[in-house]
Every structure is written in C-alpha cells, then in structure tokens.
Amino acid sequence: MSNEIVGFSKLSKTEKIAWLQQQAPVGSFEAHTFEQYFLANPELQQLHDEFSENTLSNFVLPFSVAPNFLINDRYYAVPMAIEESSVVAAAAKSAKYWASRGGFKTTVLGTEKIGQVHFMFKGDATALQLFFDHIKAELIAGLQPLTQNMQKRGGGIRDIEMRNKTRELAHYYQLHVTFETVDSMGANFINTCLEQLARDWDAHARSQEGLVANEADLEIVMSILSNYVPNCVVRAAVSCPIAALADKKITNPQHFAEKMVQALAIATVEPFRAVTHNKGIMNGIDAVVVATGNDFRAVEAGVHAYASRSGQYRSLSTAWIEGDHFHFELDVPLALGTVGGLTALHPLVKSALVILGNPSAAELMQIAAAVGLAQNFAAVRSLTTTGIQEGHMKMHLNNILNQHGATADERIQVYAYFKDTTISHSGVVAYLQQLRSL
C-alpha cells in the first residue's frame, strides 16, 4: 500500500474494498473475493461486522464435530472450528478408541484467575507494607459495588497481596489480585476491578501522612489481568491394561506402550520436540476454544508460559507404565467462559454450547482438555508407529486436488492410485499431469 488514508473506518465495506483495489497491483484481487462471503441476512451480517473493526467480509473456517468423546462417563459430540481436516479426524478416532477403554477422566484442579496493579514507589518499603496490611480490607470493601453480582454467582475477589519486586526492577511493586469468575472468562470484570483498585490504592496511599513524600514517589503504571493462570488448571487422563491397547495396527501393545512413554520423555527433556508436541495438543484445544467463542490467543499464551514454568519449555502431557497398566495424562491451564462475549452473540457459538449440553466453564475446561489429550495421543501414536505423514497426507489430498481443479473422474483415479502409494504434493501433481496428457 503506497498511500495513507484518513477516515478509513468511516467508509462502507464497498468503499474500503475499492480503496484497497486502487492501492494493490492491478488484477491482484477482485471485489467479488470479499463479497462472495457476505451473509444473505443483513442483520446477521451487521452483527458479524460489529464483532471487529474495519471489516471487509467474513473469514470462514469449517465448523466440524468430533463424536464419541466419553468424558467422565458421559458422551459428547465436540464442536471444533479449524481448517485442518486431519485434526478433527484424529480427535474423533482417538475418542472412539478410548471410549471402548474407559474413556477420559477429567478433573478441574483450580479455577483461580489473576490480575495485577503495577506501580512504582520510591519511599519506605516497610512502611508501605504495613500500610497495605492495614488498608487491605477497606480496599476489598471498596470494590463491593463492582463485585456484588459476581459474588451472588459464587465468584469475586479471593485475595489481594502486595508484592515487592524491587530486586527484579528498581522501585517496582504490584498488587497481586486473585479472582473467581465462575462461568465467565472474566477479562472485563477483572480489568474493571483492577482499574478501580488502582485509583483507590493511589488515593489511600497519598492520604496517609508521611508515606508518599513527593508527588513522583508513587506512580500507577498499569492495571491488567494476566493470561498466565497456573492455578486455573484442568487434568485429563486415560488409562487401560497394556494388553487392551492392541488393535489392527498395534499388534505388540507392550512395545507400543514403552515407545509412547519414551516419546513423552523426549518431549519433556527436549524443547525442540516439546514445542511441536504441545502444538499438537493445542490443535485440538484451540479448535474447541474457537468454536465456543473463547479467546484462543489468551489460552495459547497461558499454556506455553505454563509449559515453561520449570525454567525450561517441556511437554504438557506425560505417560507411564504402572504394573500392567498404561497411563497417559495432561495438565493444562484453561481460562474459559460460557457466558459473556461471543457466547451470547455468535449464533454458531451458541449452537456449539447447546451441542455440548450448555456446559459450565469448568465443564468446558474438561471437554477441551480431553480433546487436547485425544489429539496428543493420536499424534504420538502415529509418530511411533506409521509416521505422521501417512494419515496427514491422506486428509490433505482433497486440498491438493481442489488446488489443481481436479474433476470428479480425476479424483476417482487419484484416490485409487494413491490408495497404496505414498502421497506427496509433487506426486499428486505429477499424476494429475499424466492423466491430463492421455
């Protein structure tokens, strides 16, 4: 883009697209590219337009479902929004596999969320701590108008600590606040409380005689929730007798179990493997998070921080053999919500939650974790048996054929040819060219 524009946000979608066409190389895209994804229902389209800013169109992802998830003895068909077909296929395959072996057992280990008021203070640290201890109850009481509705639902502020961080950064302190937000993800609630807390803290501290000698000795820097939620964690697990792991492809279940344990040990000690290992887990979790209208960026940030909490990036999951049983387990932090935000606005999000039985936030955490574990099991199983590309490329074959405009007859011949042949992008293209030259 070569030109600056003023007032872009005030233009209509048609005008925005026209301006972009003027700036782009000739013929690089047509208005129809965007217009073909407009919704026929103008009210529904306006709803989608108002989810964001400067909207041009709708970016469509497949909305799929993975059935047969037996979680805590209850079956779920789990909605997943993701563009990679192999993810949904793998999740569904794992769900069916484990349903006949006892299913997934999940437990919420905690639902605590965190927000912080960050401030600088140049006075006496001991006096500041004593004053905070004295005023703490009043600070919490001052937030009552903001927290009373949340408290009625069982949530609210759980505690406030003042933390001295001056060893890490000169003059740096924080008010570290823990929250329970029940079925809401709670970002707006937390940030509203924190900003009010910051104002109250600043006013109280300045009114305390001798605590703040000069105007510049106390400065509120910012107030914001944290997406690192190490105490908002859910555990998902599967286990069965080693002999029960056998199926058509697992003919030596003892060896398979031992290789799975080895693979998980490698992902625990080797960060290069751990990143891809955890990405596979998030393939499943993110798809559920997006389908249910939650913030996958926040979830991703918190999960990867959690994976690094030991000082080294490690696997989120673990596997072990105990006697004649195989165990596979995942602990993952998930700050999710089932009320507020898109959950009340996006028609597909509302439908996704209905499909899941209108779960609480804690139930949704468990469902998402189970899908993450299923996805992880499918990936590591493939890696330790046939290799990851066999199943992935079979699912990717349709994308290659669509990319090269394959006809119905060509598809039939390609499917037949690659039934027992290794699939690669270049191999498929070469075979298509061969068919078209006949």
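In what follows, every heavy atom counts, from backbone to side chain, and hydrogens, waters and symmetry copies are set aside.
A cation-pi arrangement, defined by a distance under 6.0 Å to the six-membered ring centre and an angle within 45 degrees of its axis, is present between Arg381 and Tyr97. Geometrically, Lys16 does not engage Phe34 in a cation-pi contact, judged by NZ or CZ lying under 6.0 Å from the ring centre and within 45° of the ring axis. With Tyr173 as the aromatic partner, Lys165 does not meet the cation-pi criteria of under 6.0 angstrom to the ring centre and within 45 degrees of the ring axis.
Heavy-atom neighbours of Glu168 CD from other residues, nucleotides or ligands within 6.0 Å: above the threshold of 12. In the displayed structure, Tyr37 atom OH is contacted under 6.0 Å by at most 12 heavy atoms of other residues, nucleotides or ligands. Surrounding CG of Asp124 are more than 12 heavy atoms belonging to other residues, nucleotides or ligands, all under 6.0 Å away. In the displayed structure, Gln312 atom CD is contacted under 6.0 Å by more than 12 heavy atoms of other residues, nucleotides or ligands. For His134, the NE2 atom is loosely surrounded, since the number of other residues' heavy atoms within 6.0 Å does not exceed 12. For NZ of Lys96, the number of neighbouring non-hydrogen atoms (other residues, nucleotides, ligands) closer than 6.0 Å is 12 at most.
For the side chain to side chain donor-acceptor pair (under 3.5 Å) with Asp202, the lone residue among Arg199, Arg206, His204 that qualifies is Arg206.
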Practice item. Tell me, with the steps shown, if Met150 and Phe179 meet side-chain contact (heavy atoms from CB on, under 4.5 Å). Key: CA-CA 10 Å; Met150 185 66 77; Phe179 295 85; over 6 Å; no

Check your understanding: Could you walk me through whether Trp320 and Phe326 pass the ring-ring contact (aromatic ring centres under 6.0 Å, His included) check?
Key -> CA-CA 6 Å; Trp320 70 96; Phe326 171 75; 8.5 Å; no

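Electrostatic pairing of Arg153 and Asp183 does not count as a salt bridge here, judged by no charged N lying under 4.0 Å from a carboxylate O. A salt bridge links Lys136 to Asp159: one of the charged nitrogens lies within less than 4.0 Å of a carboxylate oxygen. Salt bridge annotation for Arg235-Glu329: present, with a cationic side-chain nitrogen under 4.0 angstrom from a carboxylate oxygen.
Val269 and Pro271 make their closest contact through O-CD, 3.5 Å (heavy atoms, listed as atom of the first residue, atom of the second, distance).
Within the structure, the salt bridge (Lys or Arg N to Asp or Glu O under 4.0 Å) test picks out no pair touching residues 349-362 (sequence neighbours left out).
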